[in-house]
Amino acid sequence: MGLVRPTSGLWIMRFTLRPRSGCLVLCLSVSLLTLLLQSLWVPPEMTREEPAGAGRSPEEQGHHGNSVRRLALRLEALSSQVQRLARERDTPQPAKEELTNLLQSLRQDQEGLVRSVERELQRMAQKLESLGHQPHTPRPQDDHRPQTGLREVCEVPKDPVYPHCAEKVEFLQAHWDSDLCYAFYGVDGTTCSILTYLSEREDFCPPHPGRNHSAPPWHQQPRTHKEKAEVQTTLRPLYEVFGGIQGPAGRFIRSRVERLSTCWIKAGHRIRENTTKTTSQQKRVLLYPGVLSGGVGQRFGAMVDQGGPLGELVQWADLSASLFILGHNLTFTTSQNHLHSVIGAAPGKGSCPIQMPLPFDLIYTDYHGLAHLQGAMGLAFQHYQCRFRILDSFGTEPAFNLGTYARSHGYNTLWGSWRLQPLQYMTMFPHTPDNSFLGFVSEEVMVEQEEREEEVEPGPYRKDNTAVVYGKQDYMWQGKERYLELISQELETHGTVYQPPGHSAQLPSNIINHGLLTQDQFLQLLRRTKVFVGLGFPYEGPAPLEAIALGCVFLQPRFQPPRSSENSDFYKGKPTTRQVSSQHPYAEEFIGKPYVWTVDMTNTTDVQETVRAILRTEVKPFTPREFTSEGMLERVHAYITHQDFCSVSFPTWPPESALRIHLGPLGQSCVSVCRRASLVCEPALFHHLNDPAAFTRLGLSCSSMDQEVDNHLFPAYSPWGRRCGLQRERLLFSCAGSDPVHRRLCPCRAHRAGQVALCPDCL
C-alpha cells in the first residue's frame with residue numbers, strides 16, 4: 001500500500017492486492033472512502049444562499065449536487081460485492097479463482113475510479129472553500145466563475161456500425177438509476193459515463209477516441225483449462241461439494257449418492273477400462289437446481305417429508321454422481337446469492353452483464369434456474385446460453401421453444417420460448433427425441449446383500465403374495481376403490497401414504513398402510529413384494545423402474561383417450577403435444593411383459609384376469625442398461641464429449657452413417673414413423689434431409705420447393721400439388737408434430753442395445 005500524489009495535489013492511496021489478503025483490505029478501504037464521500041456531501045438544502053446555477057452550466061446544475069452521492073452509490077455497490085466475497089472466501093471452490101477474476105476486473109477500472117475520486121474531492125475542496133469565503137449577501141448574477149476542466153463534453157456518435165447506440169443512450173439517461181449495477185460500472189447519469197459503459201461493457205457504442213476497441217470483459221475468452229478428466233474411485237470429495245445444500249432435499253440427494261456409491265465406483269472402473277484409449281478434458285461444471293432455491297425451494301423441500309415428488313431430486317443426485325465419477329470439476333449450489341457470486345454477477349437487479357468471462361464450461365439447471373440466470377447475467381445470458389443444459393422431466397418440443405413461432409402458431413406456454421437448441425433440454429425418460437435423454441439410475445440389488453441372503457434363504461428372489469400401491473398421498477387413491485378391491489382379493493395390499501401428525505390417511509379398510517417410509521425402508525418392502533400397483537398418478541416417475549429392478553411386476557392403468565394438454569390439467573401448459581397412453585409409457589413400450597402389465601382400470605374382468613396371470617408369472621430383477629449406473633455414465637460421457645451447441649456449424653454427431661431416411665404417411669410424426677421401424681428419430685441428422693436431393697432420393701417429384709414459410713413439420717411433402725417444403729429455421733427441426741396434409745421426411749437411426757440415446761457407432 002502506498003500514497004501517490006497526482007498532479008492535482010491531492011493524495012490518493014493505491015494498493016497492491018493479492019487474492020487472499022486483498023479482499024479484506026479492499027473492503028475496508030472502499031468502505032472508508034464511501035463514508036468519507038458521504039460525510040463530505042453537502043445536501044442542496046444547506047446551500048440555498050448560493051444563487052441557483054451560479055458559475056455552473058445547466059447540465060452541471062443538475063449534476064453537481066448529486067455527483068458525490070452517485071459515486072458513493074457506486075462505491076457502496078463495490079463494497080457490498082467485496083464484503084460478500086469476504087464472507088465466502090473460505091468456501092471450497094471456486095472462491096480463490098473468483099476473487100482473482102474480480103480483482104482483475106477491478107484493476108481494469110482502477111484509473112477511471114481514481115480519476116472520479118480525484119475529481120469529486122477537488123469539487124468538494126472548491127465547494128468548501130467557496131462556502132468558507134463567500135459573504136452572506138447574494139452575489140451579483142453576472143459574477144460567474146468559470147469552471148474549466150471539471151466536466152467532459154460528450155456527444156452521441158452516429159456510427160452505422162453501432163446503429164443502436166443513440167437509442168441505448170436515451171434509455172440509460174432515463175433509467176440509469178433503476179438498477180444499482182449501472183452505478184457499479186461507473187454510470188452517473190452523464191452522457192460521457194453512459195457512452196463509456198455502452199462501449200466497454202455492452203458493446204452498443206463505439207470506443208472513445210484514443211481507446212483501443214476490445215470485447216467487453218465478460219465476452220473475452222477465459223484462461224485455458226488444461227486438466228484432463230480422470231475417472232474417480234471415491235465419492236467422498238463430492239459430499240463436500242454438497243456441503244451447502246440444506247434441508248430435506250439436500251439430505252435426500254446426499255443419502256441417495258451415498259447409498260449408490262458402490263455401484264457408481266464399480267461402474268467407473270468399467271468405464272475407465274473401456275475408454276483407456278481416449279482422454280477428455282475436464283469440464284468446470286455448475287449445477288444449480290433452481291427449484292430448490294428461495295421460497296419455491298422451501299416449499300418443495302417441505303414436500304419431501306410429506307410424500308411429495310422425488311423424481312427431480314433423484315435426477316440431480318445421479319447427475320452429480322455421474323459428472324464427479326467422470327472426473328469433472330463440480331460446483332453445486334441452491335442459493336441465488338451464491339449463484340450470483342460464482343458467475344460474477346454485478347450487484348443489483350441483473351440489468352448489466354457479468355463482470356468477467358463465465359468461469360464454467362457447462363451449467364446444468366432447470367426452468368426456474370434458467371429464469372434466475374437470465375435475471376443475473378444481462379446481455380451475457382444470450383452469449384453463454386449455449387453452455388446451459390436444462391433438466392426438464394416432461395420435455396420441450398421445438399414448436400414451443402421458439403417464441404415468435406410459438407406465439408403465432410398457438411404453442412405459447414409459460415415454460416417455453418427460451419430459444420435454446422432443443423437438445424439442450426434433458427429429460428427423465430426418452431419420450432421426446434427432440435431433447436437429450438439424461439435419465440437416472442434404478443436402485444440395483446447390491447451384490448453383497450444378495451450373497452448374504454443366499455446363505456439363509458432358499459432363493460434370492462422369493463416374493464410374498466403382496467402388492468404395494470404406488471401413491472404416497474391419499475388424494476391419489478380417490479375413485480380407485482373398486483380397482484383396489486379387485487387386487488386385494490388376490491394379494492395382501494400395502495400402502496406407504498403420508499399421514500399428517502394426529503391424522504390418519506383416508507384409505508380403504510383392507511389396506512395395510514406403513515406411512516411414509518424412508519427410501520431404505522421402501523426398498524426393503526419392495527424386495528418382498530410381488531406386484532407394484534399404479535393408480536394412474538404420478539406420471540412417469542422413477543419408482544416403477546426401481547420396483548422392476550427389485551423383482552416386482554408393475555401393474556398400471558391404460559388411458560383411453562390418452563392424456564395430453566388438451567384433456568389433462570397436469571399436462572396443460574407444458575411445452576409438449578405428447579399423447580400419454582398409460583401412467584408410465586416408457587415401462588409399457590420399452591420394457592413390457594412380463595415385467596409391465598397395462599390394464600383398463602374400469603374393466604373388472606380385465607383387472608382380475610391380469611392379476612391372476614401375474615401370479616402365475618415369475619420374474620427376476622431387471623434393469624434396462626440405460627438405467628444402470630454404467631449406462632448413465634456412458635451416456636453422460638458421450639454428451640459431454642460430442643455435444644457442442646456453441647458451434648455455428650451443423651452437428652457432426654451422431655455421424656451421417658447412422659442416418660436411415662424414412663418417408664412418413666400423412667398424419668404421422670417422425671417419432672411414430674421411426675418407432676414403427678424399430679428405430680428412433682434423431683434431430684441432429686435433420687440437416688442432411690433439408691435439401692432437394694433428399695426428395696429426389698425418395699422418388700418424390702416436386703412441382704415447387706417452399707422455403708419461405710416457417711413450419712416445424714418441414715422438410716415435408718404434400719401430395720396435393722406435389723409441393724415440397726424445406727426448413728429455414730434450424731431451431732424448428734422437430735421429430736414431434738404431424739398434420740393431415742404433409743408426409744414428413746424423417747431422420748431415423750438405430751440404437752445400441754438397452755441404450756436408446758446412442759447409435760451403434762456413437763461411442
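Heavy atoms only: backbone and side chains are in, while hydrogens, waters and symmetry mates are out.
Taking the charged nitrogens against the carboxylate oxygens, Glu443 and Arg259 do have a contact shorter than 4.0 Å, which makes a salt bridge. Using a 4.0 Å cut-off between a side-chain N of Lys or Arg and a carboxylate O of Asp or Glu, Asp361 and Arg284 qualify as a salt bridge.
Atoms CG and CG, from Asp366 and Asp392 in turn, are 9.5 Å apart once rounded to the nearest 0.5 Å. Taken from OG1 in Thr427 to CG in Leu391, the straight-line distance is 9.5 Å, to the nearest 0.5 Å. In this structure, the separation between CG on Leu172 and CG on Leu195 is 9.5 Å, given to the nearest 0.5 Å. The OG atom of Ser199 sits 8.5 Å away from atom CG of Asp203, with the distance rounded to the nearest 0.5 Å.
The disulfide (SG to SG under 2.5 Å) analysis of residues 327-398, with sequence neighbours excluded, yields the pairs Cys181-Cys352, Cys386-Cys646.
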Item checked: CA sep, side-chain torsions, deciding dist, call: Thr641, Trp653, side-chain contact (heavy atoms from CB on, under 4.5 Å) -> CA-CA 10 Å; Thr641 303; Trp653 186 86; over 6 Å; no
Next item on the list: May I have the step-by-step check of side-chain contact (heavy atoms from CB on, under 4.5 Å) for Ser280 and Ile640, ending in yes or no?
Entry: CA-CA 9 Å; Ser280 58; Ile640 289 179; over 6 Å; no
Notebook entry, point to check: How far apart are the C-alpha atoms of Tyr197 and Tyr182, what are their side-chain angles, what is the distance that settles it, and do they pass the ring-ring contact (aromatic ring centres under 6.0 Å, His included) test?
Noted result: CA-CA 8 Å; Tyr197 170 80; Tyr182 295 119; 5.6 Å; yes
Item checked: Stepwise side-chain contact (heavy atoms from CB on, under 4.5 Å) test for Tyr639 and Arg389 -> CA-CA 11 Å; Tyr639 288 156; Arg389 305 292 184 269; over 6 Å; no
Note to self: Before you tell me yes or no, could you show the steps for Ile343 and Met377 under side-chain contact (heavy atoms from CB on, under 4.5 Å), namely the whole-Å CA-CA distance, both residues' side-chain angles and the distance that decides it to 0.1 Å?
What the structure shows: CA-CA 8 Å; Ile343 66 174; Met377 296 180 69; 3.7 Å; yes
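Side-chain rings of Phe388 and Phe381 approach one another, their centers coming within less than 6.0 Å. Taking the six-membered ring for Trp and the full ring otherwise, Phe437 and Phe429 have centroids separated by 6.0 Å or more.
Environment of CD in Glu230: sparse, with no more than 12 heavy atoms of neighbouring residues, nucleotides or ligands closer than 6.0 Å. In the displayed structure, Gln382 atom CD is contacted under 6.0 Å by at most 12 heavy atoms of other residues, nucleotides or ligands. At most 12 non-hydrogen atoms from other residues, nucleotides or ligands lie less than 6.0 angstrom from CH2 of Trp415. For CD of Glu170, the number of neighbouring non-hydrogen atoms (other residues, nucleotides, ligands) closer than 6.0 Å is 12 at most.
For the pair Arg730/Pro651, a side-chain contact is recorded, criterion being any heavy-atom separation below 4.5 Å from C-beta on. By the 4.5 Å heavy-atom criterion applied to side chains, Arg387 and Ile363 are not counted as neighbours. By the 4.5 Å heavy-atom criterion applied to side chains, Tyr384 and Phe360 are not counted as neighbours. Here the side chains of Lys283 and Asn329 are not in contact, with every heavy-atom distance at 4.5 Å or above. Under the 4.5 Å side-chain criterion, counting only non-hydrogen atoms from C-beta, Gln421 is in contact with Leu731. Within the 4.5 Å cutoff, no side-chain heavy atoms of Gln385 are placed close to those of Leu373. Looking at Leu292 and Ile253, their side chains come closer than 4.5 Å, going by heavy atoms from C-beta outward. For the pair Phe204/Glu167, no side-chain contact is recorded, criterion being any heavy-atom separation below 4.5 Å from C-beta on.
Between His383 and Trp218, the ring planes are perpendicular. Angles over 60° get that label, and only those under 30° would be called parallel.
Counting only N and O atoms by type, the side chains of Tyr367 and Thr396 include a donor and acceptor under 3.5 Å apart. In summary, the side chains of Thr190 and Asp188 do present a donor paired with an acceptor at a separation below 3.5 Å, with no hydrogens or angles considered. A side-chain donor-acceptor contact under 3.5 Å links Ser293 and Tyr288. In the model, Ser436 has a side-chain atom that pairs as donor or acceptor with a side-chain atom of Gln643 under 3.5 Å.
Shown here for Ala684 and Leu423, the closest heavy-atom pair between the two residues is CB-CD1, 4.3 Å. What you find for Met632 and Ser322 is that their closest heavy atoms are CG-OG, 3.6 Å. The nearest pair of heavy atoms linking Pro248 to Asp305 is CG-OD2, 3.4 Å. Considering all non-hydrogen atoms of both residues, Pro216 and Arg201 come closest at CB-O, 3.6 Å. What you find for Pro422 and Pro398 is that their closest heavy atoms are CG-CG, 3.9 Å. Summarising the geometry of Ala757 relative to Arg635, their closest heavy-atom pair is CB-CD, 3.6 Å, with the distance given to 0.1 Å.
Of the possible donor and acceptor atoms, one in the side chain of Asp179 sits under 3.5 Å from a partner among the backbone N and O of Lys349. Side chain of Tyr185 to main chain of Pro353: a donor-acceptor pair is present (N/O by atom type, distance under 3.5 Å, no hydrogens or angles). Asn412 contributes no side-chain N or O that, together with a main-chain N or O of Phe400, makes up a donor-acceptor pair within less than 3.5 Å. Side chain of Ser647 to main chain of Asp644: no donor-acceptor pair is present (N/O by atom type, distance under 3.5 Å, no hydrogens or angles). Gln281 places no side-chain N or O within 3.5 Å of a backbone atom of Ala229 that could act as its donor or acceptor partner. Checking side-chain atoms of Glu634 against main-chain N and O of Ser629 turns up no donor-acceptor pair under 3.5 Å.
The only option from Asn435, Thr432, Asn401 that meets the side-chain hydrogen bond (donor to acceptor under 3.5 Å, both in side chains) definition with Tyr425 turns out to be Asn401.
Every side-chain hydrogen bond (donor to acceptor under 3.5 Å, both in side chains) that Glu397 has, sequence neighbours left out, goes to Thr576, Thr577.
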